[in-house]
Amino acid sequence: MATLEIDSLTKSYGDVRALRGTSFDVRAGEIFGFVGSNGAGKTTTMRIVLGVLAEDAGEVRWDGRPIDLAARRRIGYMPEERGLYPRMKVGEQLVYLARLHGLSAADAKDAMERWTATLGVDARRGDEVQKLSLGNQQRVQLAAALTHDPELLVLDEPFSGLDPVAVDVMSGVLRDRADAGVPVVFSSHQLDLVERLCDRVGIIKDGAMVEVGTIDELRRTEHERWVVDGPPGATWIGAVPDARAVSLEGSRTVVELTSAGGVDGTSGREQAVLRAALAAGPVHEFALVRPSLTELYRDVVSAEEKPAGEAAETVEVGA
Amino acid sequence: MSTGTTLTSWGAIRLVAGREIMTRLHSRSFVWLTVILVAAVVLGGVVLNAASSSGPTAERVGVTPQTAALAEPITATGSTLGTEVETVDVADDAAGEAQVRDGDLAALVTGTADDPTVVVDTELSPGLTAVFTTLAQQTALSDAVADLGGDPAQVAGDIATAEPTVRTIGEPSEFDPARYITGLVTGILLFMAIMISGQLIAQGVVEEKTSRVVELLLSTVRPWQLMAGKVLGIGLVGLGQVALVVVAGVGTALGLGLVDTSTIDLGTAAVWALVWFVVGFVSYALLMAGLGALVSRQEDVGAVTTPVTFLMVVPYIVGVSVAPWAPDNPLVVWLSYVPLCSPLLMPVRIALGSAETWEALLALGLSVAVVPVLVWLAAKIYSNAVLRTGARVRLKDALRAA
């Protein structure tokens, strides 16, 4: 299995610079979550990968070579703007699209039957697409991206508009494909879902990647934070060197270790915090705080609006 | 992975064309339109046939035993004057008058052969008036000749063979109703077929744009392949439709004996009509596909294709309103060579018999030569505009964009 490399893509629409050197890669067998605000450049990037849009500069490589039409035919694509022929029957439509991807008539029919069954729309094969509910149309759309057994999946907001059961079906299918070695990249605004499902995440802002890494890598903060549930922080925080209170809410105190040092509690310096707290009263909970993807995302996306340094004050104690 | 991924350009075009054909054949409105067109052509032929065979029928004139000798001169004079007269023997005056009153006879000749009286219900028809007047004049003339000592039979014979010497100095008029109708039908049929197919193309392009399915399609096939497949598919369906109508028309015309096959070659006209449909359809379909890609809503198709529609209407109007009466009118002749006008005018001229074969071939060559330019133009507009949904894309922008 190969890697999809997106290398320094730029694209302008008139005076609007949609992409300014976007780079990341999606490796075999991983699910890559592509997040960013509306208009940050997610759809533009995906459209360039599919060749539906031409880049101004930069390159998309597949298996080390610039991507071409033959390779693109092996991609399973779900456009942001859902698109199917409204008056064509589900089965006929899926067979037609699979054949456009190079499948023989017989293989296309088999694949259509397999995927409509997997996605739970097999009873609707004979119906026109426009007669299906939006959720079911979405399932058909995903089937259209899967029938040709793609070597790469590029899905633009595949979860939007799905009910919880459909989300589970969709997640299962993506995990299954990734486990089969297919690189999967999808965009989404449902960050909890991205956090749960993705192996790696990329955050795009104003046409450039601001964070790319595994969830663990991204959640690692520059300074360790610990939550203490015990005596009010104001009574003991002063006894700890190189530490400051990020938030003080009744019995819950979030402490940040301000001096440079190890991460993930490997430095042992958090013990000073615990000792100081215990000295003031009983402690019921003492844990390392890691920001959720949602918090990280807010930090990154709102970084420009806030002066540096103040961003930390918006952080809440996560679950 | 499981299957071969080699899809050639031709394979892609065939798939797209196949879908277009199946969609049209499954469309109820398309099937009905075809049925109506065929029915209209066949019914038109039948009506035309009925109208022409119910033309001037023989005037029935009764003769009594006393005037029976006049039967033959009446019929003969009638045929000289172009009035077909059928004489009917009646038993006597009373019986004859009864038939005149019933309308069974147009007139009854009573009295004697030397001094006949014509009995009519209200008035004598213009045709019969001429017949009886001539007959009376001849009788008077014969009497005068006999009075002067001449031989009436001899004079009558001389008169019958006398004819004026005519010298033609103008072109003989070639107005032939069968040709006129063939030309008219060809013009209307081609216009309708090209117009309808062209609209189908534009609507098909916009449908894919509106439903956004075009983005999915363009991730597997190139824009020109998609456009070519669409033009090919809808073109084949349109050709089939036109062929059906032409065959129905020619079959009706020949079956009912509507046309004199010695003066008009319907087969040639039909083949040329099909050839010109293909050329005209391809030219206009390309323009329609390009222009259709500029808009995102079906409601805007009409507006954006107006210039092309206008381009079709001009040769069409000239073809059906000027050409049948004046096939050699310079406007008709010159426009029939202009690409985009030829497909609507030249077949009319061919049907009218006013175009030489070399003229038709020249016009065909010119039209075909323009097709590559139209392909390039349409592909450029289409590729640049088809993914830009929302507001109508300006033609200038579509042509300029890389």
Side-chain angles (χ1 to χ4, degrees), chain A residues 1 13-14 43 46-47 49-54 56 69-89 92-93 95-108 110-111 128-130 137 141 144-145 147-152 154 156 180-182, chain B residues 1-9 11-30 203-226 229-230 233 296 298 383-384 386-390 393 397 400-402:
Chain A
M1 275 300 166
Y13 300 104
T43 297
M46 292 188 172
R47 284 178 154 188
V49 170
L50 266 297
V52 171
L53 262 186
D56 292 342
L69 185 65
R72 283 176 170 133
R73 282 218 176 99
R74 307 294 305 133
I75 300 178
Y77 178 43
M78 196 160 165
E80 178 198 29
E81 308 270 15
R82 303 292 181 247
L84 293 167
Y85 288 105
R87 283 193 291 272
M88 206 171 169
K89 288 177 181 165
E92 286 174 15
Q93 179 139 236
V95 169
Y96 173 63
L97 292 172
R99 295 199 64 195
L100 279 183
H101 281 96
L103 262 63
S104 70
D107 288 344
D110 286 349
E128 289 179 0
V129 169
Q130 63 184 359
Q137 287 187 22
Q141 191 87 47
T147 44
H148 54 290
D149 204 359
E151 292 171 4
L152 167 65
V154 178
D156 205 345
V182 175
Chain B
M1 286 286 163
S2 60
T3 39
T5 61
T6 45
L7 183 67
T8 58
S9 289
I13 292 170
R14 235 180 28 210
L15 274 173
V16 174
R19 197 200 80 88
E20 293 295 340
I21 292 172
M22 290 319 289
T23 306
R24 297 314 147 207
L25 296 187
H26 284 156
S27 145
R28 229 171 261 129
S29 60
F30 177 82
Q203 284 166 9
V205 168
V206 177
E207 185 199 14
E208 284 173 358
K209 206 175 162 179
T210 311
S211 68
R212 320 285 177 140
V213 75
V214 68
E215 186 164 344
L216 208 52
L217 300 175
L218 290 186
S219 65
T220 63
V221 297
R222 296 186 198 282
W224 71 267
Q225 294 169 339
L226 186 57
K230 198 169 268 300
S296 303
Q298 293 291 357
S383 323
N384 285 331
V386 79
L387 285 169
R388 289 158 77 172
T389 49
V393 180
D397 294 342
R400 195 172 43 200

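Letters A, B, ... mirror the listed sequences (proteins, then strands); counts begin at 1.
Inter-residue side-chain proximity for A:R87 and B:E207 is flagged as met; some heavy-atom pair is nearer than 4.5 Å.
For a residue to count as touching a neighbouring chain, one of its non-hydrogen atoms must lie under 4.5 Å from one of that chain's; by this rule B:V214 does not touch chain A. With a threshold of 4.5 angstrom between heavy atoms, A:L97 approaches chain B through side-chain atoms but not through N, CA, C or O.
Of all the listed residues (B:L217, B:T23, B:T210), the one sharing the greatest number of non-hydrogen pairs under 4.5 Å with chain A is B:L217. Looking only at heavy-atom pairs under 4.5 Å with chain B, the residue among A:L50, A:V129, A:I75 that has the most is A:L50. Among the candidates B:R212, B:R19, B:M22, B:R222, the residue making the largest number of heavy-atom pairs closer than 4.5 Å to chain A is B:R19.
The distance from the OG atom of B:S219 to the CE atom of A:M78 is 13.0 Å, given to the nearest 0.5 Å. Taken to the nearest 0.5 Å, the CG atom of A:D156 stands 8.0 Å off from the CD atom of B:E215. Rounding to the nearest 0.5 angstrom, the gap separating the NE2 atom in B:H26 from the NZ atom in A:K89 is 7.0 Å.
In terms of the side chain to side chain donor-acceptor pair (under 3.5 Å) criterion, residue partners of B:E208 (sequence neighbours excluded) are, by chain and number, A:Y85, B:K230. A:Q130 is linked by a side chain to side chain donor-acceptor pair (under 3.5 Å) to A:E128, counting only residues two or more places apart in sequence or in another chain.
In this structure, A:P79 and B:L216 approach most closely via the heavy-atom pair CD-CD1, 3.8 Å. Counting all heavy atoms, side chain and backbone alike, A:R99 lies closest to B:L15 at O-CD1, 3.4 Å. Of all heavy-atom pairs spanning B:V213 and A:L84, the tightest one is CG2-CA, 3.7 Å.
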